[in-house]
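Reading through the structure tokens given below for one structure.
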Amino acid sequence: MITRFAPSTTGEAHPGTLLSALLVWLEARRRGGRAILRLEDLDVTRVKAGWATQLVEACAELGLTWDATVLQSALRSDHEAALDRLEAAGRLYPCACSRADRTGGRRAPDGGWAYENTCRGRPLVGGWRGQAEPVRLRLDDDRVELVDDGGLDLSQTPAHDLGDPIVRRRDGVIAYHLAVVVDDARAQVTDVIRGKDIAASTATQVLIQRALGLPTPRYRHHFLLLETDRTGKLSKLHGSLPYSGLRARMSPAEILGRLAHVAHLIDAPRPIRIDELGLDWSRVPVDDQVLAT
Ligand code: GLU
């Protein structure tokens, strides 16, 4: 069993990220597997090296050590080789549509607007490297039947429900959907454990795997940590509760105890060490939770 924790290093480490790290790490240990840390740093417009360092240090303080650590940007030649293969298969096309063209159209399962594959017929003159426009991947129009290990039904017809994904952005950045598929296959990942915020994209990733002839791992999407935003609405926990702020008030053992408690791994929050924790998915909540701090 090989799994990975693949955070985007686009912000400070926060409890939601570390909850994911904890569940990935415990699952690897429970099954005698390997857990890889892959720092997803492709989006050069949003990434800061300091955030990667901070995340690695936060994991280490909590006792989450990794069998290997990989920087995604170091895997660029693999991403390029995958784009070359997709281009050779005639699956890539440049997209001239703007976000505004989709807005108000059809809702996609991820909460955004579906792309209607409007530019599918446009030729890729000059290859993917030469494009000043975003490059999309023509998916098969197949329906993907998929229920994850937590029982979440992720079945979709991605080419219709979401539309063909962008695989290379206008600014030249290789898009997440392509990189994640290529990198998981290269690392021979057998089990992907990640937050439910990505669940609506999984079927798209399965079709990218098929287009590249890569295996599909097992998936499990866990609950998210929520916070109350300015309007009083609950939203995915993000910037407002950074690890550094928590750490100023609590020891790593106390933070680990809070995370373990919110995942129902222990009955009450208390300082705890990683080697005292076990993982029983039947106890882990399915619904998103608010972290008491
Ligand atoms: N890098 C993505 C994120 O931090 C997660 C990727 C994944 O687990 O597939 O949201």
Side-chain angles (χ1 to χ4, degrees), residues 2-28 33-49 51-52 54-56 58-59 64 66 68-76 78-79 82 110-112 146 148-150 152 154 158 162 165-167 169 173-209 212 214-226 235-239 241-243 288:
I2 302 178
T3 186
R4 81 319 186 259
F5 168 50
S8 300
T9 53
T10 50
E12 278 213 66
H14 62 85
T17 322
L18 294 165
L19 170 74
S20 207
L22 175 64
L23 294 172
V24 167
W25 193 93
L26 288 174
E27 177 69 350
R34 284 167 55 79
I36 298 165
L37 169 63
R38 185 173 66 236
L39 297 159
E40 301 214 324
D41 62 343
L42 291 192
D43 189 350
V44 287
T45 63
R46 294 171 62 214
V47 159
K48 269 200 223 163
W51 286 328
Q54 192 194 48
L55 194 71
V56 171
C59 288
L64 306 175
W66 307 98
T69 299
V70 190
L71 262 187
Q72 192 169 41
S73 54
L75 306 173
R76 180 160 180 108
D78 287 6
H79 308 148
D110 63 356
L146 186 68
D148 83 357
D149 284 348
L152 208 59
L154 306 174
L162 288 141
I166 290 176
V167 287
R169 298 186 342 195
V173 170
I174 307 238
Y176 157 69
H177 288 312
L178 182 84
V180 76
V181 159
V182 169
D183 298 345
D184 284 345
R186 183 183 199 269
Q188 296 179 298
V189 166
T190 58
D191 290 70
V192 171
I193 296 134
R194 59 187 179 188
K196 276 199 295 185
D197 50 333
I198 320 251
S201 303
T202 301
T204 294
Q205 293 175 12
V206 168
L207 284 189
I208 299 175
Q209 288 154 3
L212 286 165
L214 300 174
T216 293
R218 285 166 61 172
Y219 287 98
R220 183 188 284 274
H221 296 85
H222 61 73
F223 72 94
L224 304 178
L225 288 184
L226 302 181
S235 63
K236 186 186 166 188
L237 185 78
H238 230 52
L241 191 63
Y243 180 78
D288 296 343

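What's counted below: heavy atoms across the whole structure, side chains too, no hydrogens, waters or symmetry copies. Start at 1 and go down the list; that is how both ligands and their atoms are numbered.
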> Where do R218 and D191 land on the salt bridge (Lys or Arg N to Asp or Glu O under 4.0 Å) test, with the steps shown first?
Replying inline: CA-CA 5 Å; R218 285 166 61 172; D191 290 70; 3.5 Å; yes
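- Listed by number with element, the atoms of ligand 1 under 4.0 Å from a non-hydrogen atom of P7 are 1 (N), 4 (O).
- Screening L42, L39, D43 for a side-chain contact (heavy atoms from CB on, under 4.5 Å) with S73, the sole residue that qualifies is L42.
- For the ligand labelled ligand 1, residue R4 lies inside the 4.0 Å heavy-atom shell.
- Using a 4.0 Å cut-off between heavy atoms, S8 contacts ligand 1 through both its backbone and its side chain.
- A donor atom on one side chain and an acceptor atom on the other are not found under 3.5 Å apart for D41 and T9.
- Below 4.0 Å from some heavy atom of V180 lie the following atoms of ligand 1, by number and element: 9 (O).
- Near I198, the atoms of ligand 1 lying under 4.0 angstrom from a non-hydrogen atom of the residue are 5 (C), 10 (O).
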>> Under the criterion side-chain contact (heavy atoms from CB on, under 4.5 Å), I'd like the reasoning laid out for V192 against R4: C-alpha separation, chi angles, the key distance, then a yes or no.
In response: CA-CA 7 Å; V192 171; R4 81 319 186 259; 3.7 Å; yes
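- At under 3.5 Å, a nitrogen or oxygen of E40, whether backbone or side chain, sits near a nitrogen or oxygen of ligand 1.
- Using modelled atom types, no side-chain atom of T3 and backbone atom of A35 make a donor-acceptor pair closer than 3.5 Å.
- The closest side-chain donor-acceptor pair between R194 and H222, if any, does not fall under 3.5 angstrom.
- Interface of R194 with ligand 1, defined as ligand atoms under 4.0 Å from a residue heavy atom, comprises 7 (C), 8 (O), 9 (O).
- For ligand 1, the atoms lying closer than 4.0 Å to a non-hydrogen atom of Y176 are 6 (C), 7 (C), 9 (O).
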